[in-house]
Amino acid sequence: MITEDDLPESDDRLRELARAIEALVFAADEPVEARQIASVVSEVSQGPPPTEEAIREAVDFINAACEQQERPLRIRQWAGGFRMTTTEDVAAYLKVYFRSDRRQKLTRSLMETLAILCYKQPATKPEIDYVRGVDSDYALRRLLDMGLIAVLERSDAVGRPLLYGTTPRFLEEFGLSGLDQLPNLREIEELLSDPSFSQARASLLMMQGIQQQEPPEPRDSQEES
Amino acid sequence: MITEDDLPESDDRLRELARAIEALVFAADEPVEARQIASVVSEVSQGPPPTEEAIREAVDFINAACEQQERPLRIRQWAGGFRMTTTEDVAAYLKVYFRSDRRQKLTRSLMETLAILCYKQPATKPEIDYVRGVDSDYALRRLLDMGLIAVLERSDAVGRPLLYGTTPRFLEEFGLSGLDQLPNLREIEELLSDPSFSQARASLLMMQGIQQQEPPEPRDSQEES
Amino acid sequence: MYNIRLQDFEGPLDLLLFFIQRDEIDIFDIPIAKITDEYLEYVRQMDEVDLDGVADFIYMAALLIHVKVRMLLPKPEVDEEGEIIDPRQDLVERLLAYMRYKEAAEGLDVLHKKRGSLFTRGKASAPEIERDVVDTIVNTTVFQLVSALGRILAEASDAPTLAVEEVEYKVADQRAFVAEALSRKEKVVFGELVHDAPKRFVIATFLAVLEMAQQGLVWLALTPEADDFYVRHLSDPLQNGDLRLN
């Protein structure tokens with residue numbers, strides 16, 4: 001437990017900074033960036049702005065205290081800013097309270113479109129269509145409406161198509177502090193050698209109650225083609 | 001200070017109840033009533049609902065802990081329910097944050113209402129409702145509050161409804177020297193008619209001369225070769 | 001034959017990938033004739049797939065048949081350097097690329113679910129301060145404003161379909177249509193003007209009317225029931241001070 005005795009002299013400053021941060025992050029409707037916190041604190045205290053390191057330290061201090069006190073709130077770093085959320089272990093209460101998932105479910109086609117965009121951005125609609133093999137018009141419009149993607153700029157290609165990319169809101173909705181936190185795309189070789197590769201879809205379809213016969217005799221594809 | 005030693009045997013239950021309350025009150029969109037808390041907790045724990053007294057005790061426990069830890073959040077009982085607010089002593093930070101650092105984004109409903117008004121002013125509320133297909137009461141009030149629109153006069157139509165229009169402040173906020181600087185409908189078509197932007201929307205908006213953008217690997221060539 | 005439903009697949013690539021995974025086919029050596037036949041068999045039962053998806057599945061069918069035909073050529077195709085071209089190469093590359101993103105999508109789904117058990121502050125909780133409303137700075141561009149307008153109009157319609165048999169209605173034509181209607185009658189009800197017409201027609205006409213109103217050629221007024229509006233011909237456009245330009 002962090003107590004007053006353990007803290008260095010700058011204890012009071014840290015505590016006051018932590019109070020400011022907790023209030024700001026609680027009150028804001030979106031992730032609050034460190035520089036925003038610094039500028040607010042500096043204006044109110046009429047002093048120099050706290051460093052990013054001090055802010056991070058104060059956030060850690062808040063989270064440690066919350067954890068020690070078993071409080072169900074934490075400050076997380078999402079989309080380049082700080083955001084207050086509940087902890088996972090109280091999710092059951094909230095799910096019962098809200099009944100349905102308050103968050104919009106993303107269909108597979110939205111997920112695919114997002115996946116392509118977040119690894120390959122900026123990308124044009126034709127590029128996305130090509131990878132998916134289907135027209136992504138509806139998916140792109142839904143994602144734009146949901147604020148998960150945005151038009152970034154125009155490409156220099158013929159027709160100057162629009163270039164799409166993900167938004168900070170996407171990061172927030174997926175609990176990422178930045179795009180660099182996305183897992184790496186797996187390499188083809190790795191994917192193909194994964195034993196789950198051939199079974200994944202089949203078992204998925206089975207689970208959906210779709211009848212399936214045994215697959216044909218294993219064969220050497222080299223000979224048949 | 002309330003410590004574990006001071007608490008009665010039901011300590012664990014109180015703590016868990018407090019965690020549930022803190023999470024619910026934090027995340028709810030409306031003040032949470034004691035009976036709602038009781039029913040959620042009972043459903044999750046598969047046990048009897050906590051009494052209103054127990055809930056009150058848990059709220060006091062949370063607030064006492066917050067005070068003891070000098071945290072800037074409290075749970076208050078307002079309008080028949082519990083809600084979480086910041087303490088008064090951090091108001092200075094929040095005022096600065098909300099005044100200067102948060103450039104407010106207009107919500108979608110405000111944008112839509114404003115979009116209709118700036119192209120079709122003066123307009124009555126029923127006219128705006130008709131175009132949007134939803135009630136614009138809240139949107140109009142917010143826009144009035146923000147000084148972006150104003151009541152211009154009363155219409156001669158039945159019931160003499162109020163006529164709304166945009167203000168000079170609207171022009172200023174959008175960087176326009178006059179309403180004639182707004183893109184005209186032709187230009188809107190052009191802005192929205194980029195083939196890759198959204199073909200469905202574009203064609204719905206009757207864009208002209210839309211050609212399907214070829215994917216990066218030309219499909220045609222494969223068919224022709 | 002497997003009893004599978006096409007709507008379980010995100011598209012033609014997903015369906016092909018399913019065949020490949022199910023039959024443990026070497027993706028670098030796809031038996032194209034067999035897979036094409038199988039693919040076509042499924043596409044034939046495609047009645048249940050909505051119109052949006054049909055074009056994509058049919059396009060892939062055409063592509064597969066084309067590859068199949070090229071495979072049957074007596075002399076293999078060669079590129080500029082004389083290397084033999086495998087007609088399946090493009091398809092394989094697409095399948096491989098699709099596989100990677102499909103898996104990435106599943107990964108995103110996991111992240112999204114995990115994030116779903118973390119809740120942010122609701123509207124009831126709020127800072128206890130008075131907000132200085134008038135001082136808020138609007139962080140919105142004209143482009144966003146225009147997009148909002150586009151959205152209203154787009155949402156007035158049914159879910160969009162691929163432009164297969166859609167007739168194009170142009171705003172200019174609809175202006176003429178409205179002008180013609182108003183030449184016969186000074187005032188028309190918009191709903192009657194577009195009665196039973198396709199959505200696209202309605203929207204084009206609506207845009208035309210908006211445009212004409214903006215130019216002071218017509219005046220719009222709500223019907224007493226407030227569920228429709230009149231379009232009234234303005235004989236003298238100069239009278240119109242409706243749009244307070246500046």
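A, B, ... follow the sequence lines: proteins, then strands. Residue 1 opens every chain.
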Between [X] and [Y], is there a side-chain N and carboxylate O pair less than 4.0 Å apart?
X      : Y      : result
A/R132 : C/D14  : no
C/D109 : A/R108 : no
A/E112 : C/K102 : no

Region of [X] in contact with chain C, defined by heavy-atom distances below 4.5 Å:
X      : value
A/L73  : neither
A/F170 : side chain
A/T87  : backbone
A/L182 : side chain

Is there a side-chain contact between [X] and [Y] in this structure, where contact means two heavy atoms from C-beta onward sitting under 4.5 Å apart?
X      : Y      : value
C/T120 : A/M84  : no
C/E103 : A/R186 : yes
C/K114 : A/F174 : no

Could you report the tightest heavy-atom contact between [X] and [Y], atom names first, then the distance?
X      : Y      : value
A/K95  : C/S117 : NZ-CB, 3.9 Å
A/Y130 : C/L13  : O-CD1, 4.3 Å
C/E10  : A/S109 : OE1-CB, 2.8 Å
A/V134 : C/G11  : CG1-CA, 3.5 Å

**Inter-residue atom distance C/R115.CZ - A/L176.CG, 0.5 Å rounding** = 10.0 Å

**Complete:** Distance col, row C/L108:CG vs A/E173:CD, nearest 0.5 angstrom, shows 12.5 Å

**Request:** Could you check whether the rings of C/F119 and A/F98 sit parallel, tilted or perpendicular, using 30° and 60° as the cut-offs?
**Result:** parallel

**Request:** Report the residues that fulfil side-chain hydrogen bond (donor to acceptor under 3.5 Å, both in side chains) with A/Y93, sequence neighbours left out, ordered by chain and then residue number.
**Result:** B/E16

**Prompt:** Could you give all pairs that pass the salt bridge (Lys or Arg N to Asp or Glu O under 4.0 Å) test and reach residues 70-84 of chain A, with sequence neighbours left out?
**Reply:** A/R71-B/E22, A/R83-A/E172

